[in-house]
2 protein chains.
Amino acid sequence: MNELVKFEQYLRTHGQKMTRPRRIILKAFIETEGHLTTEDILREAKKVDPGIGQATVFRTIRLIADAGLAREALQDDGARKFEHLADHPHHDHLLCVGCGKIIEFLSPAIEKEQQKIFSQYAFLPRGHMMELLGLCPECQAKQKKGE
Amino acid sequence: MNELVKFEQYLRTHGQKMTRPRRIILKAFIETEGHLTTEDILREAKKVDPGIGQATVFRTIRLIADAGLAREALQDDGARKFEHLADHPHHDHLLCVGCGKIIEFLSPAIEKEQQKIFSQYAFLPRGHMMELLGLCPECQAKQKKGE
DNA sequence: TTGATAATGATAATCATTATCAATGAGGTA
DNA sequence: TACCTCATTGATAATGATTATCATTATCAA
Ligand SMILES: [Mn+2]
Ligand SMILES: [Mn+2]
Ligand SMILES: [Zn+2]
Ligand SMILES: [Zn+2]
């Protein structure tokens, strides 16, 4: 797993240590697709070692994100969600406000326009978050039936 | 103030009542520009009536948002922020990760592309959140000096 | 192998938000 | 206007996610 190597490198260059819990948490996170809460990650990690604590998951997921291996997905409320970036190119989200369904998409046109905004204000780009909110076809049909 | 009329209308059509605290909170919110937390709003409202409780601010700001007079600004963490929509057309945010400075902008090109995404997936648009993160010119200079 | 130091996990603390509830207020009706 | 019903209020407790604390344990460079 290449992610493990990257993570070890990140830790080394930041004066931190690779540990058994960190290895387990990283592996559980990378091997699970989707938008995960720390609770989700803890559940997976506990399958390997039930002794792992949730505080360690919070600490480790932040390290993983800082290492550039994960990003925080937009949370409406409740718990934060993370998704890994392994073989997962950058994308944005289209979310159904009715059922919570998430569609991932990438719009090169939008990405290009965003760069224009950055340069227009002389900002050094550091990323962006974009979430489109709408009603999916199924929820539209459900709503029509409802009234 | 036109917003007061709209809010009264919203309340009436939803079987809810206009009250003195609600009037004070709405006025304080509309008359303050920027991205406000409920604590900010409470502070302003207390200047008019110190007896107002923070629970009422939480409840009222949600009503105001539901009435279409406010929207939630993207919060990284900590308290939620709201901004009113009175004489304030839709816009997105460019945020400096160094100093927290916020620039409001509108990109018609991006808005148009977002509509394309919605129709591509047959979603009924309900809004969007977009935040560009970067380093402002001042913070870039500061950083260069730092090392 | 050792020793300095970082990491762990249990637990308490924090902080924003929501729920509860007795008292009050709004506003339609007679 | 007086009344009556039901929404609203503010104080306070509860909740839920995240962070801080701290004694114990593990890592890893020398
Ligand atoms: Mn995603
Ligand atoms: Mn704004
Ligand atoms: Zn849906
Ligand atoms: Zn800045």
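Heavy atoms only: backbone and side chains are in, while hydrogens, waters and symmetry mates are out. Labels below follow one simple rule: chain letters A, B, ... track the order of the sequence lines, proteins then strands, and each chain is numbered from 1. Keep in mind that this is a model prediction, so the values were computed, not measured.
Note on A:Leu95: it does not cluster hydrophobically with B:Ile117, by side-chain heavy-atom contacts below 4.5 Å among ILVMFWY residues.
Residue A:Arg59 is in base contact, counting any heavy-atom pair closer than 4.0 Å across all strands shown.
Relative orientation of the A:Phe7 and A:Tyr10 rings is parallel, given thresholds of 30° and 60° on the angle between their planes. Ring geometry for B:Tyr121 against B:Phe123 counts as perpendicular: the plane angle is over 60°, on a 0 to 90° scale with 30° as the lower cut.
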Using the 3.5 Å cut-off, write out each protein N or O paired with an N or O of nucleotides 15-18 of chain D and the distance between them.
unit_1	atom_1	unit_2	atom_2	d
D:dT18	OP1	A:Arg80	N	2.9

Pairwise N/O distances under 3.5 Å, protein to nucleotides 28-30 of chain D:
unit_1	atom_1	unit_2	atom_2	d
D:dC28	OP1	A:Met18	N	3.2
D:dC28	OP1	A:Met18	O	3.2

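By the ring-ring contact (aromatic ring centres under 6.0 Å, His included) test, A:Phe118 is found to be paired with no residue, residues two or more places apart in sequence or in another chain being considered. Partners of A:Arg80 under the salt bridge (Lys or Arg N to Asp or Glu O under 4.0 Å) rule, at least two apart in sequence or in another chain, are A:Glu72. Residues satisfying the side chain to side chain donor-acceptor pair (under 3.5 Å) criterion with B:Arg71, sequence neighbours excluded, are B:Glu83. Remark: A:Thr19 engages no residue in a side chain to side chain donor-acceptor pair (under 3.5 Å) (not counting sequence neighbours).
Rounded to 10°, the helix from C:dT1-D:dA30 to C:dA30-D:dT1 has 30° between the axis fitted to its first five pairs and the one fitted to its last five.
Under the ring-ring contact (aromatic ring centres under 6.0 Å, His included) criterion, the residue pairs touching residues 31-58 of chain B are B:His35-B:His93, with sequence neighbours excluded. Screening residues 113-134 of chain A for salt bridge (Lys or Arg N to Asp or Glu O under 4.0 Å) gives A:Glu113-A:Lys116 as the qualifying pairs, with residues at least two apart or on separate chains. Listed by first and then second residue, the salt bridge (Lys or Arg N to Asp or Glu O under 4.0 Å) pairs that reach into residues 36-45 of chain B are B:Asp40-B:Arg43, B:Glu44-B:Lys47, sequence neighbours excluded. Listed by first and then second residue, the salt bridge (Lys or Arg N to Asp or Glu O under 4.0 Å) pairs that reach into residues 95-112 of chain A are A:Lys101-A:Glu138, sequence neighbours excluded.
Taking CD1 from A:Ile110 and CD from A:Gln114, the interatomic distance works out to 7.0 Å, rounded to the nearest 0.5 Å.
More than 12 heavy atoms of other residues, nucleotides or ligands lie within 6.0 Å of NZ in A:Lys46, so this atom counts as buried by the packing criterion.
Contacts between residues 40-52 of chain A and DNA chain C, defined by a heavy-atom separation under 4.0 Å, are made by A:Gly51, A:Ile52.
Note: NE2 (A:His14) to C1' (C:dT5) measures 18 Å, nearest angstrom. Rounded to whole Å, atom P of D:dA26 lies 13 Å from atom CD1 of A:Ile24.
Dashed line: the shortest gap from a side-chain N or O of B:Arg20 to OP1 or OP2 of C:dG25 is not under 4.0 Å.
Looking at which nucleotide of DNA chain D each of B:Asp77 and B:Leu11 is closest to, the 5′-most match is held by B:Leu11.
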